[in-house]
S.K.: 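Okay, here's the structure, questions in a sec.
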There are 2 protein chains.
Amino acid sequence: MRKPTLEEVAIEAGVSKMTASRALRGVADVSRETRGRVIEAAARMNYVGNRLALSLSSQRTNLVAVVVPSMSNIVFPEVLAGISAGLDGSGLQAVFGISDYDVAKEREIIRDMLSWQPCAIIVTGLDQPEETVQLLRRANIPIIQLMDLDGTPIDFNVGLSHSEAGAAMASVLVAAGRGRFGYVGSALDRDLRAGKRKAAFESVLHAHGMHFVDQRLDDAFSSIALGKRLTTAMLAAVPDLDCIYYSNDDMASGGLFACMELGVAVPQKILIAGFNGLDLVNSLPAPIATSRSPRRAMGEAAARLVRQAVAADQVSEQKTVAFKPMITGIGE
Amino acid sequence: MRKPTLEEVAIEAGVSKMTASRALRGVADVSRETRGRVIEAAARMNYVGNRLALSLSSQRTNLVAVVVPSMSNIVFPEVLAGISAGLDGSGLQAVFGISDYDVAKEREIIRDMLSWQPCAIIVTGLDQPEETVQLLRRANIPIIQLMDLDGTPIDFNVGLSHSEAGAAMASVLVAAGRGRFGYVGSALDRDLRAGKRKAAFESVLHAHGMHFVDQRLDDAFSSIALGKRLTTAMLAAVPDLDCIYYSNDDMASGGLFACMELGVAVPQKILIAGFNGLDLVNSLPAPIATSRSPRRAMGEAAARLVRQAVAADQVSEQKTVAFKPMITGIGE
DNA sequence: TTGAAAGCGCTAACAC
DNA sequence: GTGTTAGCGCTTTCAA
């Protein structure tokens, strides 16, 4: 038994397709009595409208395409949760795609999503290759680039400056008296934002006549286990570090666990610094420094921009929402 | 400037709409030369097909609707990553919705997703209220219920038995000589699977003439911080426990951190047991017991069932994929 | 307040 | 190999 169509509901209610459509959408003038009959018929038949037809016909959809690089780190799910929550009640529906930090895959996912004629698209970062940018531009819908502020946005931009975050962390650590730095990171060729943080951090070190005494990099994606492993190796080679900067909090937490296992006092002997401000960090058995990035708030801000842009159906004036990471975990 | 349609591409290539359609899809017989012209024209015009029209016309979509309760815990994103990866290369596209553990919201999300005419739908758990079940049934597409095996599936079922998981953990802990148990959990009214684990765990205790000496419950969602707080409170009230069972690994990890802060030896004095087998658990500074649930594999299995069901376009014989959680972290 | 006609962009089915 | 016709299920536009 096929699903009932609007026409069948209309027949059941003894009206025309058009009247049924209006009644169900609650638009225009439909007599109370007619509307009642239609709604009742629809309920009786368990009518579920066909959005494909609706959107094709009306030339607009309620779809917001969202492309994130990963789901293996809690960061992006939190952003998605923010987007989803921010869209709640607007009638808009987020559709997520995962690019696995792969630019080619990202492009294909974007292409695929655009074929659904979304009313807006949210992508991660500002570093899409030109071809992808063209693809996005041609879609002629609001484009939100999320998470990063270091670069030239195509349209809307929500995020924070990872360069500033890295530089600020370095400044604070140097000011706190640390002088022998190590760096532990992973997948820097793919996680460009972590790369920006590292580069900026290093610049500040150089400005102070310092440098990374040792660094450990790995191609695998960040994880607590990897942070632990690399830190253990690093401390075996260079035991006299007094601070290690990590590509993110997952890695840093692993670093802390490595130090605990080795009996290295954190933060007295070695200060550990990460990025993100994960919930985990608040409960760790020793304090580690981090830059708190408001992930959920970023998602919500992106959702807000989408709602405005879609509602206004015109260029809204606010193009950028800048967040500032807050550094915690150093000093008292 | 509007987006080009198939017709415009066809005109540009000097062929009919239909020929252009065939050429672009690579179906049927189109002369090499014609196909080349069409593809080139499409590329030149940056043609992106309209899936709304495609799906409406062909009466089939490549959408797989997925509804999960939360994104705030890494568990569900990992499942989603598994689904997404499992669907890769099939031409199918997952669409995610978040219900926030709210049955009413879940129903509305499902309703909304069904209006997009997905070719399959994956939902979390087996405990949807009757109204939601009706909604799903009426869609007349493969329905996959994921994560849980304790109940009667509507159609396909992938997951593990949380009752068995809870019972198995209790048996192992009792066998390991533990006797004074505490329980720390959260949001049990919403996270029904955690509730099933707890109930089964408790049954085994009773069978051994034991019971939870103390329990701490909270309405908030699980988190490391909450686990830490509740554990600290519990140990203040009942210091002589020798084992605490948690609703999941996040809570258990918080419990471990609480013990470390209080100087309670884990696992010598108190054994800590959670559920999920999060990556985090592998790197913690002290061993905690957990039941490892293969989250990504479950997502991949669900994706496999969807592919089979969609490809076969008929009832496939395998209706259930059962996973067994593996208990780790007890003894060597 | 309601309905009829046209068409959104595409494909299925059948001609040629 | 290629084109034509007829929709998919809905909304828009216009008429009544």
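Labels below follow one simple rule: chain letters A, B, ... track the order of the sequence lines, proteins then strands, and each chain is numbered from 1. What you see is a predicted model, and the numbers here were worked out from it, not measured in a lab.
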S.K.: Starting from the first five and the last five pairs of the helix from C:dT1-D:dA16 to C:dC16-D:dG1, work out the angle between the resulting helix axes, to 10 degrees.
M.R.: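 Terminal axis comparison yields 30°.
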S.K.: According to salt bridge (charged side-chain N to carboxylate O under 4.0 Å, His left out), who are the partners of B:E8, at least two apart in sequence or on a separate chain?
M.R.: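 With neighbours one apart ignored, the set is empty.
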S.K.: Would you call A:E300-A:R304 a salt bridge at under 4.0 Å N-O?
M.R.: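 No salt bridge links A:E300 with A:R304.
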S.K.: How close or far is atom P of D:dT2 from atom CG of B:L24, stated in whole angstroms?
M.R.: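 One finds 14 Å between P of D:dT2 and CG of B:L24, rounded.
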S.K.: NZ of B:K3 versus P of C:dC8: gap in Å, rounded?
M.R.: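 Between P of C:dC8 and NZ of B:K3: 15 Å.
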S.K.: On DNA chain D, does the nearest nucleotide to B:R22 precede the nearest nucleotide to A:T5 from the 5' side, or the other way round? Give the residue.
M.R.: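 Mapping each residue to its closest nucleotide by heavy atoms, the 5'-most match is B:R22.
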S.K.: Does some side-chain heavy atom of A:V68 sit less than 4.5 Å from a side-chain heavy atom of A:I122?
M.R.: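 A side-chain contact is absent here, since even the closest heavy-atom pair is not under 4.5 Å.
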S.K.: In terms of side-chain heavy atoms of B:R25, which of D:dT12, C:dA12, C:dC10 is nearest?
M.R.: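 Nearest to the side-chain atoms of B:R25, counting from C-beta on, is C:dA12.
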S.K.: Indicate yes or no: at least one non-hydrogen side-chain atom of B:Q128 is less than 4.5 angstrom from one of B:Q145.
M.R.: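 Yes - at least one pair of side-chain heavy atoms lies under 4.5 Å apart.
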S.K.: Side chain of A:K17 only, heavy atoms from C-beta on: which candidate in C:dG3, D:dT11, C:dA13 is closest?
M.R.: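 Of the options given, the side chain of A:K17 lies nearest D:dT11.
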S.K.: Which nucleotide in the list D:dT4, C:dT11, D:dG9 gets nearest to the side chain of A:N50?
M.R.: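 Nearest to the side-chain atoms of A:N50, counting from C-beta on, is D:dG9.
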S.K.: By the definition side chain to side chain donor-acceptor pair (under 3.5 Å), identify the one residue from A:D148, A:D191, A:D150 that meets it with A:K196.
M.R.: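 Testing each of A:D148, A:D191, A:D150 against A:K196, the sole residue satisfying side chain to side chain donor-acceptor pair (under 3.5 Å) is A:D148.
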S.K.: Does A:S21 make a side-chain N or O approach to OP1 or OP2 of D:dT11 shorter than 4.0 Å?
M.R.: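 Looking at the OP1 and OP2 atoms of D:dT11, one of them is under 4.0 Å from a side-chain N or O of A:S21.
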S.K.: Where is the tightest heavy-atom contact between B:L149 and B:G159, given as atom of each residue plus distance?
M.R.: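 Looking at all heavy atoms of both residues, the closest pair is CD2-O, 3.4 Å.
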S.K.: Might you work through the salt bridge (Lys or Arg N to Asp or Glu O under 4.0 Å) test for B:D100 and B:R190, ending with a clear yes or no?
M.R.: CA-CA 9 Å; B:D100 284 326; B:R190 319 186 87 180; over 6 Å; no
S.K.: With distance as the sole criterion, do the side chain of A:R51 and the base of D:dG9 form a donor-acceptor contact below 3.5 Å?
M.R.: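 Side chain to base: no pair present.
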S.K.: Can a side chain N or O of B:S57 be found less than 4.0 Å away from OP1 or OP2 on C:dC10?
M.R.: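 So the side-chain polar atoms of B:S57 never come under 4.0 Å of the phosphate oxygens OP1 or OP2 of C:dC10.
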S.K.: Could you tell me whether the phosphate oxygens of C:dG9, OP1 or OP2, come under 4.0 Å of any side-chain nitrogen or oxygen in A:Q117?
M.R.: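 No, outside the criterion.
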S.K.: Provide, to the nearest angstrom, the distance between the CD atom belonging to A:Q59 and the P atom belonging to D:dT11.
M.R.: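 Rounded to whole Å, this separation is 13 Å.
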S.K.: Run the salt-bridge test on B:K105 and B:E108 with the 4.0 Å N-O cut-off and return the result as yes or no.
M.R.: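 No, no charged N to carboxylate O under 4.0 Å.
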S.K.: Could you check which residues of residues 33-49 of chain A get a heavy atom under 4.0 Å from DNA chain D? Sort them by number, please.
M.R.: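 Going residue by residue through residues 33-49 of chain A, the ones with a heavy atom under 4.0 Å of DNA chain D turn out to be A:Y47, A:G49.
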S.K.: Is B:E33 paired with B:R37 through a side-chain N to carboxylate O contact shorter than 4.0 Å?
M.R.: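 Between B:E33 and B:R37 there is a salt bridge, with a charged N closer than 4.0 Å to a carboxylate O.
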S.K.: Is a salt bridge present between A:D112 and B:R51, judged by a nitrogen-to-oxygen distance below 4.0 Å?
M.R.: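 So A:D112 pairs with B:R51 through a salt bridge.
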S.K.: Take B:L52 and B:M18, find for each the nucleotide of DNA chain C with the closest heavy atom, and name the residue whose nucleotide sits nearer the 5' end.
M.R.: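 The residue closer to the strand's 5' end, by nearest nucleotide, is B:L52.
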S.K.: Taking any heavy-atom pair under 4.0 Å as a contact, classify A:R60: base, sugar-phosphate, or nothing.
M.R.: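 Sugar-phosphate contact only.
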S.K.: From CG of A:L54 over to P of D:dC8, roughly how many Å is that when rounded to an integer?
M.R.: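 So the two atoms are 17 Å apart, to the nearest Å.
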S.K.: Rounded to the nearest Å, what distance is computed from the CG atom of residue B:L56 to the P atom of nucleotide C:dC10?
M.R.: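 About 12 Å, once rounded to whole Å.
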S.K.: Check if the side chain of B:T19 and the base of D:dG1 share a donor-acceptor pair of N or O atoms closer than 3.5 Å.
M.R.: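 Side chain to base: no pair present.
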S.K.: Using OP1 and OP2 only, check whether a side-chain N or O of A:S31 sits under 4.0 Å from C:dT2.
M.R.: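 It does, given that an N or O in the side chain of A:S31 lies less than 4.0 Å from OP1 or OP2 of C:dT2.
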